[in-house]
Structures are given as C-alpha cells and as structure tokens.
Amino acid sequence: MTVQQYDGIGEAFEGFKALPLARYGEVPSVLGLVGDVTGRTVLDLACGTGFYSRELKRRGAADVLGVDISSEMIAAARDIEARDPLGLRYEVGDVAELREFDRPFDLALGVQCLNYAGSRAELERMCARIHRSLVPGGAFYVFAQKPDYAFDCASLETYGFRCEPTGEEIETGPKVRVTALLDPHPISIVGSAPRREVYEDALAAAGFRDVEWLPLRISEEGLRAYGEEFWADLLAHPPLELLRCRA
C-alpha cells in the first residue's frame, strides 16, 4: 500500500513543503529538533524526494544517505541530485528490513516513517534496524502524527492539509488519511497514528533510551507572515508531534 501510494506521487511530493503547515511548522520544527549536524553522518529514513537530506547536507553534514521504500521517490531524489549535486546518496529500502551498513551513522531521521508500520511487530523491527544502524549514543529523531490527536477539532484545511480517520483501526492505532491540498491536484496518503505507548514500547525493545516527546512549533517567519491568530487553532490542537531518543 505505502509503496503504491508514493510511487504515484514522485517529484510532486516537493509541493508538500510549500504548504503553510509544512513550511512554517514541520520544516522549522524538524530542523530545530535535529540541530547542528556539522561534520556528522546522517541516515534519512523514508526520505521521499530528499528534502531533508538536502537541507542537512547544506547545513554541514559530512555524509547523508537517504532511504525510501518507493523506487519512484528515490528516482526523483536522484534526479534532483543530478541537477544540483550536493554529494548525497540514495537507495531503495524498507526500514523494517534495513540492511546492515559498513559504518554506523551519528544520527537518524524518520519524518513520517514509523507510522507506516502495519503491526507492532513490524514497528519493533523498524526500530531494531534503526538502532543497529547508529553509533552508541547516536540520536534518532521522529516526526509523525500526534498519537492522541483529536480528529473532531478545527479543520486543518486553512493550513494546507486535511486529516481524517478512515474508520479502520489496526494493531498500532487508527488509520488516517492525510490530504495535501495542492493546486490543481490534491494528494492523499493513508497511514496510521500509532498510540504513544506503542512507539515507546517498540523503541525501548530496540534499545533506545531517553525518549522525549516535543511539540510542533510555528516559526517566527510564519507568525510574521500570517499573524498569531491564524495559527491559534493549529497550536490549540496540534496534529503532529516530534520525538527524540538515543541509541
């Protein structure tokens, strides 16, 4: 399901990051969470078209490897790299079956990655493979649907997205349809919103420690561009959350 969904999107995925919620919420929150990457090696999981791979390389990362299950996403990322070379590497891979690397990475990033696990066992495999890929004490950063998000709150359409439960529940939590309201063709993707304890149990079983949940924030640029009142509903009922932990 996930492979087929993303194979049909390709480079149009880049448009997600221009929508208000992503541009002024997701992107600054994720980059602020990861912080200084100067001289560090990075494993970008579910990298899509390589947006964060590029951003982290530009911010001084020594080496970045992007991995995504969708061959079309990786093809788009490689096309962008060919047009504007940064020295990035990309490969097709399933995080639940992530290969063993010659050298471990200093940090890993999973933006909308773990929430595609179809079961607790698959989520545990994903976390175990990621842990194995990091140096001792290496950081793992996660950005995903907020586990206890209330779907009956104000609409997110003002911010460029629609988020709605499908009505189906899987072992990890409710399934969720997120629609990016791109013009002229909105794009919908179905994932899940794993419960908080599901994340924490899988990370702990893999050997991760110091798990900390952090709120989505709106950048100063976003506040200046739209005003505080525009963001009030979003900040009162944030649909997304960040997490960090250490191997």
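Basis for what follows: all heavy atoms, side chains included, without hydrogens, waters or symmetry-related copies.
With respect to the salt-bridge test (charged N to carboxylate O, under 4.0 angstrom), the residues R54 and E81 do not qualify. A salt bridge is absent between R129 and E100; no separation between the charged side-chain nitrogens and carboxylate oxygens falls under 4.0 Å. The existence of a salt bridge linking E221 and R224 is excluded, since no basic side-chain nitrogen approaches an acidic carboxylate oxygen closer than 4.0 Å. Contact check on E171 versus R120 returns no salt bridge, with no Lys/Arg side-chain nitrogen under 4.0 Å from an Asp/Glu carboxylate oxygen. Looking at R40 and D63, no side-chain N of the basic residue comes within less than 4.0 Å of a carboxylate O on the acidic one, giving no salt bridge. A salt bridge links K17 to E26: one of the charged nitrogens lies within less than 4.0 Å of a carboxylate oxygen.
Checking side-chain atoms of N115 against main-chain N and O of A144 turns up no donor-acceptor pair under 3.5 Å. For the pair D44 (side chain) and L65 (backbone), a donor-acceptor distance under 3.5 Å is absent. Of the possible donor and acceptor atoms, one in the side chain of R246 sits under 3.5 Å from a partner among the backbone N and O of G137. At distances below 3.5 Å, at least one donor-acceptor pair connects side-chain atoms of Q145 with backbone N or O atoms of P239. A donor-acceptor pair under 3.5 Å is formed between the side chain of W231 and the backbone N or O of G222. No donor-acceptor pair closer than 3.5 Å links the side chain of S219 to the backbone N or O of P28. A side-chain donor-acceptor contact under 3.5 Å links T166 to the backbone of E168. No donor-acceptor pair under 3.5 Å is formed between the side chain of R244 and the backbone N or O of V142.
The shortest side-chain heavy-atom distance between L98 and S133 falls under the 4.5 Å cut-off. In this structure, the side chains of L242 and S29 come closer than 4.5 Å at one or more pairs of heavy atoms.
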Inset, instruction - Take F208 and H131 through the ring pair (Phe, Tyr, Trp, His ring centres under 6.0 Å) test and state the conclusion after the steps. - result: CA-CA 7 Å; F208 284 103; H131 187 277; 4.9 Å; yes

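Separating the CD atom in E200 from the CG atom in L243 is a distance of 7.5 Å, to the nearest 0.5 Å. With values rounded to the nearest 0.5 angstrom, E91 atom CD is found 11.0 Å from D68 atom CG. How far CZ of F16 is from OG1 of T49: 9.5 Å, rounded to the nearest 0.5 Å.
Taking the six-membered ring wherever Trp is involved, the centroid distance between the rings of Y159 and F230 falls below 6.0 Å.
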